[in-house]
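The structure under discussion appears below in the form of structure tokens.
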Amino acid sequence: MSAVRLLVLGAVRRRGRAHGYQVRSDLESWGAHEWASAASGSVYHALKAMAGQGLLVAHETTPSDAGGPPRAEYELTADGDRAYLDLLRSALSSRDPRLDVLAAAVGLIDDLPRAEALAGLRERARTMDEWRDSVAGQLPPGTDLDGWGPVGEVVGLWLHTAESRAAWTRRLIGRLEDGAFRMADDRPDGGSGEGDPGAR
């Protein structure tokens, strides 16, 4: 899964209709150009590619205020909306998505109803626990990882990663259970969120 694909679909969905510059500006305001490789070229490429795949429809508009050629404004199709929500759910529930994909999904989490977001995160926490237990279960009783040299460090890294990711996920679950964020089903129209994901 591509973080840029998820971010671009989310940014267009939040605006309703948007041209490439608006999408790029939104993603830059979220810092996505630093952690998701959402540079200008990749954003425009994603918009054109997804229009070609039927996930977006391109509307030609009047020339820009700066006097350039007409800009295309993009809007999600019904297939695009379904694909976006499927990507969002998958990224939240997956045991080990790339960190940029997980960051994109968390930044857009309020586009889901609260119960759906919680279900995905609980699945993620469960698989993190399974992963940790699987790694630990391969170790002989009383294993001292410090005595295993570099291999012990590798095993320790996997154990620490599983434990810390599960703890982070449970913290987010707790925040959602306590009412954090204005989720899709908290809004009167049930629509998408707006603005900087980190600010809500």
request  = Spell out, as yes or no, whether a donor-acceptor pair under 3.5 Å connects the side chain of Thr77 to the backbone of Gly54.
outcome  = yes

query = Is there a side-chain contact between Val151 and Leu145 (heavy atoms, below 4.5 Å)?
reply = no

message = Just so I know, are the side chains of Trp168 and Leu102 near enough to count as touching, which here means a heavy-atom distance under 4.5 Å?
response = yes

message = What I want to find out is whether Asp79 reaches Arg82 closely enough, with some N-O distance under 4.0 Å, to be called a salt bridge.
response = yes

remark   = Here the salt bridge (charged side-chain N to carboxylate O under 4.0 Å, His left out) pairs for residues 26-55, sequence neighbours left out, are Arg15-Asp26, Arg24-Glu28

query = Once you round to the nearest 0.5 Å, how far does NE2 of His33 lie from OG of Ser29?
reply = 9.5 Å

message = How close do Ser2 and Arg5 get, counting heavy atoms only, and between which atoms?
response = OG-N, 3.1 Å

message = Would you say Val101 ends up clustered with Trp131 if hydrophobic residues are merged whenever their side chains have heavy atoms under 4.5 Å apart, either directly or through other cluster members?
response = no

query = So, Arg13 and Asp81, do they make that salt bridge, N to O below 4.0 Å?
reply = yes

message = In the structure I gave you, are the side-chain heavy atoms of Tyr74 and Val8 within less than 4.5 Å of one another anywhere?
response = no

query = With clusters built from Ile, Leu, Val, Met, Phe, Trp and Tyr whose side-chain heavy atoms come within less than 4.5 Å, directly or transitively, what are the remaining members of the cluster of Leu157, listed by chain and number?
reply = none

ask   = Does Val106 belong to the same Ile/Leu/Val/Met/Phe/Trp/Tyr cluster as Leu121, with side-chain heavy atoms less than 4.5 Å apart forming each link?
value = yes

query = Looking only at heavy atoms, which two atoms of Val4 and Ala46 are closest? And how far apart?
reply = CG1-CB, 4.0 Å

message = Please check this pair: side chain of Ser90 against backbone of Asp86, looking for a donor-acceptor N/O pair closer than 3.5 Å.
response = no

inquiry  = If I take atom CZ from residue Arg165 and atom CZ from residue Arg132, how far apart are they, to the nearest 0.5 angstrom?
reply    = 15.0 Å

note = Contacts satisfying salt bridge (charged side-chain N to carboxylate O under 4.0 Å, His left out) that involve residues 119-128 (not counting sequence neighbours) are Arg122-Glu177, Glu123-Arg126, Arg126-Glu130

message = Is there a path of hydrophobic side-chain contacts, each under 4.5 Å between heavy atoms, that joins Leu92 and Phe181?
response = yes

query = What is the minimum heavy-atom distance between Ile173 and Ala125, and which atoms define it?
reply = CD1-CB, 4.4 Å

query = side-chain hydrogen bond (donor to acceptor under 3.5 Å, both in side chains): which pairs involve residues 135-161, sequence neighbours left out?
reply = none

query = Is it the case that one hydrophobic cluster holds both Leu139 and Val154, taking links as side-chain heavy atoms less than 4.5 Å apart, direct or via other members?
reply = yes

request  = Consider only side-chain heavy atoms of I, L, V, M, F, W and Y, link residues closer than 4.5 Å, and tell whether Val12 and Leu85 are in one cluster.
outcome  = yes

inquiry  = So which atom in Val23 and which in Ala11 form the shortest heavy-atom distance, rounded to 0.1 Å?
reply    = CG1-CB, 4.0 Å

Minimal non-hydrogen separation, Gly107 against Arg14, with atom names = O-NH2, 4.0 Å

request  = Measure the CG-CG distance between Leu9 and Leu88 for me, rounded to the nearest 0.5 Å.
outcome  = 10.5 Å

key: Qualifying ring-ring contact (aromatic ring centres under 6.0 Å, His included) pairs, either residue in residues 88-118, two or more places apart   = none

query = Looking only at heavy atoms, which two atoms of Ala104 and Ala3 are closest? And how far apart?
reply = CB-O, 4.3 Å

message = Using the rule side-chain hydrogen bond (donor to acceptor under 3.5 Å, both in side chains), only one of Glu73, His19, Glu75 pairs with His59; which is it?
response = Glu75

request  = Could you walk me through whether Tyr84 and Leu55 pass the side-chain contact (heavy atoms from CB on, under 4.5 Å) test, one step at a time?
outcome  = CA-CA 9 Å; Tyr84 166 67; Leu55 303 181; over 6 Å; no

request  = Give every residue pair that meets the salt bridge (charged side-chain N to carboxylate O under 4.0 Å, His left out) criterion with at least one member in residues 112-121, sequence neighbours excluded.
outcome  = Arg89-Glu116, Arg114-Asp186

ask   = Rounded to the nearest 0.5 Å, how far does OG of Ser42 lie from CG of Leu7?
value = 9.5 Å

